[in-house]
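Taking it in order: structure first as C-alpha coordinates, then the write-up.
One-based numbering, in listed order, for ligands and for the atoms of each.
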Amino acid sequence: MSYIFISDLHLDETSPDITQAFLHFIENTAVDAEKLYILGDFFEVWLGDDHDNPFNQRIMTALASLSMPKFIMHGNRDFLIGQNFCEQTGFELLPDPTRLTLFNTPVLLMHGDSLCTRDEDYMEVRAMLRNPAFQAELLGKSLEERAAIASDARSQSKQHTRESAMDIMDVTPSEVVRVMQTQNVPLLIHGHTHRPQIHDVPEVKGQRVVLGDWDANGWYLDMDQNGFSLESFPIT
Ligand code: MN
(Lines give C-alpha, C1' and ligand atoms only; values in the text may rest on other atoms or scores of the structure.)
Protein backbone atom coordinates (compact mmCIF):
# COMPACT_ATOMS: atom_id res chain seq x y z
CA MET A 1 0.00 0.00 0.00
CA SER A 2 1.33 3.43 -0.85
CA TYR A 3 0.54 7.11 -0.86
CA ILE A 4 0.66 8.95 -4.18
CA PHE A 5 1.43 12.65 -4.68
CA ILE A 6 0.89 14.63 -7.88
CA SER A 7 0.79 18.32 -8.80
CA ASP A 8 0.92 20.71 -11.73
CA LEU A 9 -1.07 18.70 -14.23
CA HIS A 10 -2.50 22.02 -15.44
CA LEU A 11 -5.48 20.12 -16.84
CA ASP A 12 -7.11 22.04 -19.64
CA GLU A 13 -9.50 21.28 -22.46
CA THR A 14 -6.84 22.34 -24.98
CA SER A 15 -4.42 19.59 -23.81
CA PRO A 16 -6.29 16.35 -24.52
CA ASP A 17 -3.10 14.22 -24.30
CA ILE A 18 -2.58 15.24 -20.69
CA THR A 19 -6.24 14.74 -19.85
CA GLN A 20 -6.08 11.27 -21.38
CA ALA A 21 -2.89 10.47 -19.47
CA PHE A 22 -4.54 11.58 -16.27
CA LEU A 23 -7.65 9.45 -16.82
CA HIS A 24 -5.37 6.48 -17.54
CA PHE A 25 -3.34 7.26 -14.41
CA ILE A 26 -6.53 7.29 -12.31
CA GLU A 27 -7.64 3.90 -13.61
CA ASN A 28 -4.28 2.14 -13.59
CA THR A 29 -2.08 3.71 -10.90
CA ALA A 30 -3.97 5.95 -8.49
CA VAL A 31 -6.69 3.35 -8.02
CA ASP A 32 -4.23 1.13 -6.08
CA ALA A 33 -3.04 3.88 -3.72
CA GLU A 34 -4.04 4.01 -0.09
CA LYS A 35 -4.16 7.82 -0.17
CA LEU A 36 -3.94 10.42 -2.93
CA TYR A 37 -2.54 13.93 -2.51
CA ILE A 38 -2.82 16.64 -5.19
CA LEU A 39 -0.55 19.58 -4.35
CA GLY A 40 -1.93 22.36 -6.50
CA ASP A 41 -2.27 23.51 -10.10
CA PHE A 42 -4.27 20.42 -10.88
CA PHE A 43 -6.25 22.61 -13.27
CA GLU A 44 -4.73 25.23 -15.57
CA VAL A 45 -7.56 27.46 -14.45
CA TRP A 46 -10.52 26.99 -12.13
CA LEU A 47 -13.09 29.75 -12.49
CA GLY A 48 -15.16 28.55 -9.55
CA ASP A 49 -17.17 25.50 -8.50
CA ASP A 50 -20.16 26.92 -10.38
CA HIS A 51 -18.28 26.52 -13.70
CA ASP A 52 -20.17 23.46 -14.86
CA ASN A 53 -19.06 22.17 -18.25
CA PRO A 54 -18.49 18.71 -19.78
CA PHE A 55 -14.70 18.89 -19.36
CA ASN A 56 -14.87 19.72 -15.65
CA GLN A 57 -17.59 17.11 -15.14
CA ARG A 58 -15.47 14.44 -16.81
CA ILE A 59 -12.48 15.16 -14.56
CA MET A 60 -14.63 15.34 -11.43
CA THR A 61 -16.35 12.05 -12.24
CA ALA A 62 -12.92 10.40 -12.59
CA LEU A 63 -11.81 11.87 -9.26
CA ALA A 64 -15.02 10.77 -7.57
CA SER A 65 -14.48 7.19 -8.78
CA LEU A 66 -11.52 6.80 -6.40
CA SER A 67 -12.59 5.52 -3.02
CA MET A 68 -9.45 6.07 -0.89
CA PRO A 69 -8.92 9.20 1.26
CA LYS A 70 -8.08 12.04 -1.17
CA PHE A 71 -6.63 15.47 -0.49
CA ILE A 72 -6.18 18.55 -2.63
CA MET A 73 -4.28 21.81 -2.05
CA HIS A 74 -4.74 25.04 -3.96
CA GLY A 75 -2.14 26.13 -6.48
CA ASN A 76 -1.79 29.59 -7.95
CA ARG A 77 -4.04 28.58 -10.88
CA ASP A 78 -6.85 26.74 -9.16
CA PHE A 79 -7.14 28.69 -5.91
CA LEU A 80 -10.92 28.98 -6.38
CA ILE A 81 -11.50 25.26 -5.84
CA GLY A 82 -14.08 25.22 -3.05
CA GLN A 83 -16.39 23.15 -0.88
CA ASN A 84 -18.76 22.15 -3.69
CA PHE A 85 -15.87 20.66 -5.67
CA CYS A 86 -14.80 18.76 -2.56
CA GLU A 87 -18.29 17.46 -1.83
CA GLN A 88 -18.78 16.28 -5.42
CA THR A 89 -15.41 14.53 -5.68
CA GLY A 90 -14.86 13.34 -2.12
CA PHE A 91 -11.69 15.39 -1.68
CA GLU A 92 -10.60 17.22 1.45
CA LEU A 93 -9.05 20.65 0.91
CA LEU A 94 -5.66 20.98 2.62
CA PRO A 95 -4.26 24.35 3.76
CA ASP A 96 -0.86 25.38 2.40
CA PRO A 97 1.32 24.41 4.20
CA THR A 98 0.08 21.18 5.79
CA ARG A 99 2.22 19.23 8.27
CA LEU A 100 1.47 15.53 8.58
CA THR A 101 3.08 12.40 9.93
CA LEU A 102 3.28 9.81 7.15
CA PHE A 103 4.77 6.38 7.85
CA ASN A 104 6.21 7.78 11.12
CA THR A 105 7.96 10.66 9.33
CA PRO A 106 6.94 14.31 9.81
CA VAL A 107 6.27 15.70 6.32
CA LEU A 108 5.42 19.19 5.12
CA LEU A 109 3.23 19.55 2.03
CA MET A 110 3.14 22.83 0.08
CA HIS A 111 2.23 23.97 -3.40
CA GLY A 112 5.64 25.67 -3.54
CA ASP A 113 4.91 29.16 -4.81
CA SER A 114 5.31 30.67 -1.33
CA LEU A 115 8.94 29.46 -1.35
CA CYS A 116 9.81 31.62 -4.38
CA THR A 117 10.43 34.71 -2.24
CA ARG A 118 12.97 36.28 -4.64
CA ASP A 119 10.16 36.88 -7.11
CA GLU A 120 8.87 39.97 -5.33
CA ASP A 121 6.32 40.88 -8.02
CA TYR A 122 4.79 37.45 -7.80
CA MET A 123 4.71 37.50 -3.98
CA GLU A 124 2.54 40.64 -4.20
CA VAL A 125 0.19 38.98 -6.70
CA ARG A 126 0.06 35.89 -4.49
CA ALA A 127 -1.00 37.92 -1.44
CA MET A 128 -3.85 39.39 -3.49
CA LEU A 129 -4.98 36.03 -4.95
CA ARG A 130 -5.05 34.40 -1.52
CA ASN A 131 -7.02 37.24 0.06
CA PRO A 132 -10.54 35.97 0.92
CA ALA A 133 -12.07 39.39 0.14
CA PHE A 134 -10.51 39.37 -3.35
CA GLN A 135 -11.71 35.80 -3.94
CA ALA A 136 -15.24 36.64 -2.81
CA GLU A 137 -15.30 39.64 -5.14
CA LEU A 138 -14.05 37.49 -8.03
CA LEU A 139 -16.69 34.81 -7.37
CA GLY A 140 -19.33 37.57 -7.41
CA LYS A 141 -18.54 38.29 -11.07
CA SER A 142 -20.07 36.40 -14.00
CA LEU A 143 -18.24 33.37 -15.42
CA GLU A 144 -17.48 35.39 -18.58
CA GLU A 145 -15.87 38.17 -16.54
CA ARG A 146 -13.88 35.65 -14.49
CA ALA A 147 -12.68 33.92 -17.67
CA ALA A 148 -11.47 37.25 -19.07
CA ILE A 149 -9.66 38.13 -15.83
CA ALA A 150 -8.04 34.66 -15.68
CA SER A 151 -6.90 34.88 -19.30
CA ASP A 152 -5.36 38.32 -18.66
CA ALA A 153 -3.60 37.05 -15.55
CA ARG A 154 -2.19 34.07 -17.44
CA SER A 155 -0.69 36.18 -20.24
CA GLN A 156 0.80 38.59 -17.70
CA SER A 157 2.24 35.64 -15.78
CA LYS A 158 3.74 34.15 -18.96
CA GLN A 159 5.33 37.47 -19.84
CA HIS A 160 6.70 37.80 -16.30
CA THR A 161 8.21 34.30 -16.54
CA ARG A 162 9.87 35.16 -19.87
CA GLU A 163 11.35 38.38 -18.50
CA SER A 164 12.58 36.99 -15.18
CA ALA A 165 15.93 35.36 -14.46
CA MET A 166 15.74 31.57 -14.08
CA ASP A 167 16.92 31.60 -10.47
CA ILE A 168 14.24 33.94 -9.13
CA MET A 169 11.59 31.59 -10.55
CA ASP A 170 12.92 28.79 -8.36
CA VAL A 171 12.56 28.38 -4.60
CA THR A 172 14.80 30.47 -2.34
CA PRO A 173 17.19 27.97 -0.70
CA SER A 174 17.27 29.86 2.62
CA GLU A 175 13.45 29.97 2.69
CA VAL A 176 13.34 26.18 2.27
CA VAL A 177 15.67 25.76 5.25
CA ARG A 178 13.71 28.31 7.32
CA VAL A 179 10.37 26.61 6.64
CA MET A 180 11.70 23.10 7.30
CA GLN A 181 13.34 24.26 10.55
CA THR A 182 10.25 26.17 11.71
CA GLN A 183 7.99 23.20 10.97
CA ASN A 184 10.58 20.73 12.26
CA VAL A 185 10.33 18.30 9.33
CA PRO A 186 12.98 16.20 7.57
CA LEU A 187 10.86 15.98 4.42
CA LEU A 188 9.22 18.68 2.29
CA ILE A 189 7.11 17.79 -0.75
CA HIS A 190 6.00 20.50 -3.17
CA GLY A 191 5.37 21.31 -6.82
CA HIS A 192 4.99 24.58 -8.71
CA THR A 193 8.52 25.09 -10.06
CA HIS A 194 8.30 22.35 -12.72
CA ARG A 195 11.78 21.15 -11.76
CA PRO A 196 11.19 17.57 -10.61
CA GLN A 197 14.00 16.35 -8.41
CA ILE A 198 14.90 15.04 -4.97
CA HIS A 199 17.23 17.48 -3.20
CA ASP A 200 19.21 16.90 -0.01
CA VAL A 201 18.74 19.66 2.57
CA PRO A 202 21.82 19.17 4.75
CA GLU A 203 20.91 22.03 7.14
CA VAL A 204 18.01 19.93 8.44
CA LYS A 205 19.49 16.52 7.52
CA GLY A 206 16.47 16.14 5.31
CA GLN A 207 15.17 16.09 1.78
CA ARG A 208 13.01 18.22 -0.48
CA VAL A 209 11.00 16.47 -3.17
CA VAL A 210 9.88 18.58 -6.13
CA LEU A 211 7.00 17.00 -8.04
CA GLY A 212 7.00 17.43 -11.80
CA ASP A 213 4.52 19.17 -14.08
CA TRP A 214 2.74 17.00 -16.59
CA ASP A 215 3.84 17.80 -20.13
CA ALA A 216 5.84 15.40 -22.30
CA ASN A 217 6.02 13.24 -19.17
CA GLY A 218 3.72 12.64 -16.24
CA TRP A 219 5.16 12.54 -12.71
CA TYR A 220 4.17 11.20 -9.32
CA LEU A 221 5.75 10.50 -5.97
CA ASP A 222 5.11 7.06 -4.56
CA MET A 223 5.64 6.66 -0.81
CA ASP A 224 5.36 3.60 1.41
CA GLN A 225 6.86 2.37 4.68
CA ASN A 226 10.17 1.63 2.93
CA GLY A 227 10.68 5.13 1.52
CA PHE A 228 9.70 7.02 -1.59
CA SER A 229 10.48 7.31 -5.29
CA LEU A 230 9.79 9.96 -7.88
CA GLU A 231 8.35 8.25 -10.94
CA SER A 232 7.77 9.50 -14.46
CA PHE A 233 6.20 8.10 -17.61
CA PRO A 234 5.92 9.39 -21.18
CA ILE A 235 2.73 11.16 -22.27
CA THR A 236 3.42 12.04 -25.88
MN1 MN B 1 1.96 26.69 -9.47
Checklist entry - Could you walk me through whether V210 and V171 pass the side chain to side chain contact (heavy atoms under 4.5 Å, CB included) check? => result CA-CA 10 Å; V210 188; V171 300; over 6 Å; no
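When all heavy atoms of N217 and I235 are compared, the pair lying nearest together is C-CD1, 3.6 Å.
Its N, O or S atom nearest to the Mn ion (ligand 1) is what matters here, and for D41 that atom is OD2. The name of the N, O or S atom in H192 nearest to the Mn ion (ligand 1) is ND1. Checked against the Mn ion (ligand 1), the N, O or S atom of H111 at the shortest distance is NE2.
Backbone or side-chain N, O or S atoms of D113 do not reach the Mn ion (ligand 1) at under 2.8 Å. Look at N76 and the Mn ion (ligand 1): an N/O/S atom of the residue is under 2.8 Å from the metal.
Within the 4.5 Å cutoff, the side chain of I168 has no heavy atoms near those of the Y122 side chain.
With respect to W214, the ring-ring contact (aromatic ring centres under 6.0 Å, His included) criterion is satisfied by exactly one of W219, Y220, F233: F233. Of the residues listed (H192, H190, H74), the one engaging H111 in a ring-ring contact (aromatic ring centres under 6.0 Å, His included) is H192, and it is the only one.
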